[in-house]
Protein chains: 2
Amino acid sequence: MRRSSSETKALILAAARERFAADGYERATIRAIAADAGIDPAQVMRCFGSKDRLFAAACAVDLHLPDLLGTPPGEIAAALVRHFLERWESGETLQILLRTGVTNATAAERMRAVFTTQLVPVAAALTGDPEGAPVRAGLVSTQILGMALCRYVLAFPPMAALTREEVVEAIGPAVHRHLGIES
Amino acid sequence: MRRSSSETKALILAAARERFAADGYERATIRAIAADAGIDPAQVMRCFGSKDRLFAAACAVDLHLPDLLGTPPGEIAAALVRHFLERWESGETLQILLRTGVTNATAAERMRAVFTTQLVPVAAALTGDPEGAPVRAGLVSTQILGMALCRYVLAFPPMAALTREEVVEAIGPAVHRHLGIES
DNA sequence: TTCGTAGGCCAACAACTGTTGACGTTAGAG
DNA sequence: CTCTAACGTCAACAGTTGTTGGCCTACGAA
């Protein structure tokens, strides 16, 4: 059987994302990823060059933050939390960064980049306070990443048991306050 | 040179805590830990049996939560945040769990145990609401662990740049609200 | 002193890792 | 058809890992 190069790459990338998200960088071996994709380990090397480069490709993350400028100020925080919960539960893209960013320097750098280029600008636009935006975006991150950590990664029972809307009600006000939107 | 068995164990344990906290479970090799302690790798095995058992020993964590029952209700949250910041910056004991708990099942289980046995009871005592205590303690964890993650592990620049008291001011109100203390 | 117990060190094992090179094999261009 | 370039597979490499057994040596009991 024969595939196009891009097809193979996509196949490998999907398996890699799953493995990296589930096991972290070190325990996700190239052999395991290749086995999941039904492909020879050597093929992975030919397509991506090295494990580092494969990982860098698997780390490409877009938060897909919705346009919240039209949202009523009082509902922005809830919408934000809801968006992240959906993104988190729908796929493993976000889980990669959290699982690997804690021990892998490349992933940590990538997370800082996502924060700076995707989250800070949104906070600046929403608050109309460019100067305070980095801190506000950072505080929002602490609350949202903290919830993801406790709920999905560490699986603290009380947090894992909450429904999605209960989570929105629980941390929405904190996020709202961190954003500091004038109403 | 000759040491008592307990002295050697303590020496190894200190080096192991440092390595596990800095590198996570997989990248902290027994050889590296032994080298840090100035001891032969085989000695580590003789003292602790296996890497898993050494790790389990290194994971023993006591939050040393202060007695907050006498504290005015309005200052409890700030005192709690301040306590965790101090614990975090003073040593590597807490960093072990966060760095390893994300990829290592044993460490994650340990974190859940610490949460259940040390944090939930305090929340129950402070709020006088035994039924809602697990959720309240969980919400507090999301905010405090989230801050630790962004500030110390991922090193988001805006969060790492804050002074300790600025952090207390920033997330204290959120923690206060999560605790839900009647005042 | 003599001797046994226990700490310390060395060398080696088997398993696994990322990575490489050589050798089929197949599709499409000429 | 023929030929070539790219995909796919196999086997092996060098390095690292946790782990083990044997040997040496120092200390305390006899």
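Predicted, not measured: the structure shown is a model, and the values here were computed from it. Every chain is numbered from 1, with letters handed out A, B, ... down the list of sequences.
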- What residues 47-59 of chain B contributes to the DNA chain C interface at heavy-atom separation below 4.0 Å is none

- Integer-rounded Å distance: D:dC27 P and B:R3 CZ: 13 Å

- Query: Rounded to whole angstroms, how far apart are CE on A:M45 and P on D:dC10?
  - Reply: 18 Å

- Query: Is there a donor-acceptor contact under 3.5 Å linking the side chains of B:T8 and B:Q43?
  - Reply: no

- Task: Write down the distance between CZ (B:R46) and P (D:dC23), rounded to a whole number of angstrom.
- Result: 15 Å

- Query: What is the ring orientation for B:Y152 with B:W88, classed by angle as parallel under 30°, tilted 30 to 60°, or perpendicular over 60°?
  - Reply: parallel

- Residues from residues 5-39 of chain B lying under 4.0 Å of DNA chain C - heavy atoms: B:S5, B:T8, B:R31

- Euclidean distance, atom CG of residue A:D40 to atom C1' of C:dG21 [Å, nearest integer]: 13 Å

- Which of parallel (below 30°), tilted (30 to 60°) and perpendicular (above 60°) describes A:F20 and A:F55? perpendicular

- Message: I'd like to know if B:R82 pairs up with B:E75 as an ion pair, taking the criterion as any Lys NZ or Arg NE/NH1/NH2 lying under 4.0 Å from an Asp or Glu carboxylate oxygen.
- Response: no

- Message: Is a donor from one side chain sitting under 3.5 angstrom from an acceptor on the other, for B:T103 and B:E26?
- Response: no

- Between A:F84 and the options A:L65, A:V167, A:L145, the side-chain contact (heavy atoms from CB on, under 4.5 Å) test singles out A:L65

- Distance from B:R177 atom CZ to B:R136 atom CZ, nearest 0.5 Å? 9.5 Å

- Item | Polar contact flag, side-chain donor to acceptor under 3.5 angstrom, B:H178-A:Q143 | yes

